[in-house]
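All values reported here derive from a predicted model rather than from experimental measurement. Proteins come first, then strands; the chains are lettered A, B, ... in the order of their sequence lines, and each starts at number 1.
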Amino acid sequence: MHRWSKLFIPTLREAPADAEVASHKFLLRAGYIRQLGAGIYNYLFLGQRSLNRIIAIVREEMDRIGQEFYLPGILPREPWEESGRWTGMGDNMFRLKDRKGAELCLGMTHEEIMTVIARGELRSYKQLPQIWYQIQTKFRDEPRPKSGLLRVRQFTMKDSYSFDIDKAGLDKSFDLHDAVYRRIFTRCGLKFVAVEADSGAMGGSQSQEFMVYTDAGEDLIASCPQCGYAANLEKATSRLDAVAELEPAGDGKPELIHTPGMGAIADIAAFLKMSPANDIKCVAYMALKRGTGGKKDAWHGVAAFLRGDHQVNETKLLGAVGASELRPMLAEELETFFHAPAGFLGPVELRHDAQPLGEGLTLIVDRALEGRKNMVCGANKLDYHLRNVTPGRDFTWTLAADIRSVNEGENCPAEGCAGKLVVGKAVEVGHIFKLGYKYSESMGARVLDENGKEVTPIMGSYGIGIERILTAAIEQANDANGFCLPASIAPFTVVVTITNVGDAALRATGEKIAAELEAAGLDVLLDDRDERAGVKFKDADLVGIPYRINVGKKAAAGQVELVTRATATSVDSALSDVVALVKKRAEEEQLLASSS
RNA sequence: CGGGGCAUGGCGCAGUCUGGUAGCGCAUCUGCUUUGGGAGCAGAGGGUCGGGAGUUCGAAUCUCCCUGCCCCGACCA
């Protein structure tokens with residue numbers, strides 16, 4: 001029996017000044033966590049208890065499809081060197097040296113280590129498929145830890161890895177994870193959406209994120225209320241309405257116009273009395289190409305051209321050109337590639353490479369420019385623009401790709417759907433994706449297929465942020481007094497509050513009810529503190545326990561109160577019925593969650 | 001890494017501009033009263049004012065350097 005009077009639950013009346021988001025404030029106030037450093041937290045009794053319950057659900061569900069391992073958190077350099085990620089991970093990886101000077105790192109993910117195991121042990125197609133998972137502490141030297149447990153440098157992750165003989169097998173492993181993840185998040189009481197996601201620069205094809213909508217989130221999700229389309233903004237597309245083209249001026253050929261000081265698109269649009277949609281804008285970058293096979297890293301020029309009213313999406317751009325990093329071009333680099341300053345850059349007669357990231361400039365155009373005509377763009381000459389510019393006729397490019405971010409209100413990309421996209425903030429709680437051969441190939445994992453031929457197994461990688469489930473649950477259900485966790489992941493299902501411990505009869509009744517609840521298999525906390533009733537009510541509301549039984553004045557008449565935290569409603573119940581009632585409520589909640 | 005801010009008792013803050021040896025609320029401890037929504041009264045304990053150097057008779061306060069933390073941006077398989 002857990003008695004509050006004996007426990008360490010350091011609740012705070014006021015939130016520390018540097019907590020911004022709801023989950024951060026309440027995790028601190030409710031005594032779940034304490035900060036040790038930037039992005040480094042101590043998990044106290046209630047926090048650890050809740051995380052343990054989340055882990056139990058994750059483990060139970062993962063055991064349906066996979067086998068649990070436990071890999072080290074401290075890892076030698078060599079496997080990372082083999083995969084190319086020792087340098088690829090950059091400053092996000094914590095690195096250290098042992099007493100002999102050998103280099104090690106703290107694990108931020110475990111593709112390499114799982115692949116080491118696979119290549120050492122897997123020999124035959126008969127041993128496939130395999131799904132191996134672990135629940136492990138991960139370390140990432142985040143550039144900017146923030147928002148309590150949402151973005152931290154040490155956290156707990158369930159990560160799993162699949163090895164299959166072929167793509168069909170990978171599809172199956174992926175789908176198994178998709179189904180199990182849906183069960184996990186449902187059981188944890190999260191209102192989540194599965195969205196299409198970018199697979200990142202580190203390889204992979206199909207990729208899906210599990211997101212919980214909240215303003216505390218750092219990802220933007222575009223979704224269609226009509227057909228259910230949902231995608232991370234890094235991936236989302238839309239169908240654009242046609243733009244009214246400008247009438248050709250003069251002979252219809254590109255024509256130089258004097259535009260003194262009009263480096264901004266808004267200036268040009270106003271000057272020519274046209275929509276920014278008739279302008280071609282240029283965003284110039286230097287892109288980093290990681291050297292492989294002993295080659296050095298190198299920066300290359302990339303000129304991205306988009307519709308004047310569109311925003312470049314750097315994630316899409318990185319993927320399109322195959323680079324690993326971008327930075328804006330410096331003024332002298334602009335001079336080298338364009339012979340012109342920012343504000344007057346354009347694609348006409350711009351020398352560019354045939355292949356992305358060659359020695360010269362990569363010229364990439366957004367798909368929204370294809371088929372357009374009579375547009376306005378910079379002339380690569382200070383204070384001059386060109387009009388009558390038609391893409392394809394007046395300039396060519398290295399490649400065309402979707403490199404823009406969609407905007408709210410644009411048309412849903414789904415075939416035949418008339419919906420308009422809405423954009424919302426969300427936090428990522430899980431991510432599943434098809435890795436392909438990146439690690440198995442580079443690290444030399446091979447098995448023999450049924451014809452005795454050596455083949456490379458295909459891999460998948462699947463993660464769940466354990467702490468993020470807790471924070472997302474708090475973000476989605478909190479009010480001025482605190483938060484309410486789903487019964488499945490709350491540190492306790494029910495708290496029995498003895499309103500006045502000075503009253504021996506009340507005390508005995510509270511003890512009895514708590515014992516009965518425990519015997520019924522519920523996680524029960526008995527609030528037997530010698531505090532005023534108000535203090536105990538406030539604390540109970542704060543710490544997220546979904547049900548509270550007040551043992552007070554009416555106990556002498558055989559009645560107690562059952563308070564439901566989520567709805568702030570209470571019902572009187574006979575002492576003899578309350579245990580069954582709580583149990584029923586908690587079970588109903590779980591059923592409701594799994595049916596939605 | 002760029003921009004902004006903060007650092008004074010466990011938490012929230014004042015004091016810094018204008019230098020004079022540290023204060024308020026909450027929390028903690030003791031006693032009495034109170035006992036259904038963060039009680040009242042009385043008393044008590046607790047702070048090298050983030051660190052270092054300097055200016056000064058004297059520094060929380062002024063100067064310089066460093067560190068930590070927060071926010072915005074960049075970044076973030």
Side-chain angles (χ1 to χ4, degrees), chain A residues 10-21 24-25 28-29 31 34-41 80 83-85 88-93 107-112 138 140-148 150-153 155 157 159 161 197-205 207 209 217-219 232 234 285 288 314-315 318-319 324-328 427-428 431-436 438-439 459-463 465 480-482 497-503 506 527 529-542 548 550-555 560-561 563 568 570:
Chain A
T11 59
L12 301 172
R13 189 179 293 211
E14 291 174 281
D18 48 18
E20 291 277 317
V21 301
H24 187 197
K25 280 183 199 160
L28 286 166
R29 283 193 56 200
R34 285 295 183 260
Q35 183 172 18
L36 186 63
I40 307 175
Y41 287 87
W80 297 87
S83 71
R85 292 210 290 184
M89 284 300 191
D91 290 337
N92 266 3
M93 193 170 197
M108 41 197 304
T109 174
H110 283 75
E111 280 82 1
E112 281 83 353
K138 304 288 186 190
R140 295 185 185 182
D141 193 0
E142 289 287 344
R144 184 147 98 83
K146 58 183 281 202
S147 306
L150 273 179
R151 178 152 232 90
V152 290
R153 296 197 290 173
F155 59 100
M157 185 182 226
D159 50 322
Y161 306 88
D198 178 61
S199 22
M202 301 312 275
S205 51
S207 171
E209 290 168 333
E218 299 181 287
D219 284 286
N232 195 305
E234 295 175 345
Y285 291 99
L288 180 68
E314 295 189 359
T315 303
L318 276 175
S324 58
E325 223 173 286
L326 289 175
R327 66 166 173 79
V427 59
E428 176 187 353
H431 193 168
I432 59 179
F433 79 97
K434 298 179 181 175
L435 274 178
K438 180 179 165 63
Y439 301 94
M459 292 174 62
S461 167
Y462 318 87
N481 295 320
T497 303
I498 301 167
T499 57
N500 182 358
V501 293
D503 184 326
L506 284 190
D527 193 349
R529 289 176 299 167
D530 184 12
E531 290 285 354
R532 299 169 64 84
V535 171
K536 290 192 266 198
F537 295 159
K538 287 285 187 191
D539 270 346
D541 286 348
L542 175 61
R548 180 172 94 228
N550 289 337
V551 180
K553 290 171 187 161
K554 288 171 271 190
V560 291
E561 264 169 13
V563 182
S570 74

- Message: Under the criterion side chain to side chain contact (heavy atoms under 4.5 Å, CB included), I'd like the reasoning laid out for A:S207 against A:H431: C-alpha separation, chi angles, the key distance, then a yes or no.
- Response: CA-CA 7 Å; A:S207 171; A:H431 193 168; 2.7 Å; yes
When the [atom1] atoms of [M] and [N] are compared, how many Å lie between them, rounded to an integer?
N	M	atom1	result
B:A42	B:A27	P	15 Å
B:G9	B:C49	P	10 Å
B:A74	B:U67	P	25 Å
B:U63	B:U16	P	14 Å
B:G58	B:U21	C1'	8 Å
B:G15	B:A59	C1'	14 Å
B:U8	B:G51	C1'	15 Å
B:G5	B:A22	P	30 Å

Between [atom2] of [N] and [atom1] of [X], the distance in whole Å:
X	N	atom1	atom2	value
A:D198	B:A77	CG	C1'	10 Å
A:M459	B:A77	CE	P	17 Å
A:E14	B:C13	CD	P	8 Å
A:E218	B:G73	CD	P	9 Å
A:R140	B:C76	CZ	C1'	9 Å
A:E142	B:C1	CD	C1'	15 Å
A:E428	B:C76	CD	P	13 Å
A:R151	B:G73	CZ	P	12 Å

- Item | Stepwise side chain to side chain contact (heavy atoms under 4.5 Å, CB included) check, A:D198 with A:N232 | CA-CA 7 Å; A:D198 178 61; A:N232 195 305; over 6 Å; no
Measure from the side-chain N and O atoms of [X] to the backbone N and O of [Y], and report whether any donor-acceptor pair falls under 3.5 Å.
X	Y	answer
A:Q35	A:G37	yes
A:R29	A:L12	yes
A:K554	A:E561	no
A:R34	A:Y41	no
A:R140	A:M108	yes

- Indicate, with a heavy-atom threshold strictly under 4.0 Å, whether A:S461 touches base, sugar-phosphate, or nothing.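 Base contact.
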- Task: Give one of base, sugar-phosphate or nothing for A:E234, where a contact means two heavy atoms less than 4.0 Å apart.
- Result: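 No contact at all - A:E234 keeps every heavy atom at 4.0 Å or more from the nucleic acid.
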- Item | 5' precedence on RNA chain B between A:E325 and A:A15 (nearest-nucleotide basis) |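 Here A:A15 is the residue nearer the 5' end.
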- Is any NZ, NE, NH1 or NH2 atom of the basic residue among A:D159 and A:K138 found under 4.0 Å from an Asp or Glu carboxylate oxygen of the other?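 Yes, charged N to carboxylate O under 4.0 Å.
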- Query: Should the pair A:E111-A:R85 be classified as a salt bridge under the 4.0 Å nitrogen-to-oxygen rule?
  - Reply: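 Judged by the 4.0 Å cut-off on N to carboxylate O distance, A:E111 and A:R85 do form a salt bridge.
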- Message: Under 3.5 Å, is there a donor on one side chain and an acceptor on the other for A:S83 and A:E112?
- Response: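 The answer is yes; a qualifying pair exists.
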- What residues form a side-chain contact (heavy atoms from CB on, under 4.5 Å) with A:T499, not counting sequence neighbours?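 Per chain and number, A:T499 pairs via side-chain contact (heavy atoms from CB on, under 4.5 Å) with A:L506, A:A533, A:F537.
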- Item | Minimum-distance nucleotide (side-chain atoms of A:P16 versus B:C76, B:A77, B:G12) |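 Of all the options, the side chain of A:P16 is nearest to B:G12.
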- Message: Taking pairing as Watson-Crick or G-U wobble with both contacts under 3.5 Å, can you name the mate of B:G73, or confirm there isn't one?
- Response: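 Answer to the pairing question: B:C1, which forms a Watson-Crick or G-U pair with B:G73.
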Could you pull out the protein-nucleic contacts involving nucleotides 67-71 of chain B (nitrogen or oxygen on both sides, under 3.5 Å)?
{"residue": "B:C69", "atom": "OP1", "partner": "A:A38", "partner atom": "N", "Å": "2.8"}
{"residue": "B:C69", "atom": "O3'", "partner": "A:Q35", "partner atom": "NE2", "Å": "3.3"}
{"residue": "B:C69", "atom": "O2'", "partner": "A:D18", "partner atom": "OD2", "Å": "3.4"}
{"residue": "B:C70", "atom": "OP1", "partner": "A:Q35", "partner atom": "NE2", "Å": "3.1"}

- Under a 4.0 Å heavy-atom criterion, the protein footprint on nucleotides 34-45 of chain B, written with B, S and -, is BSBBBB------
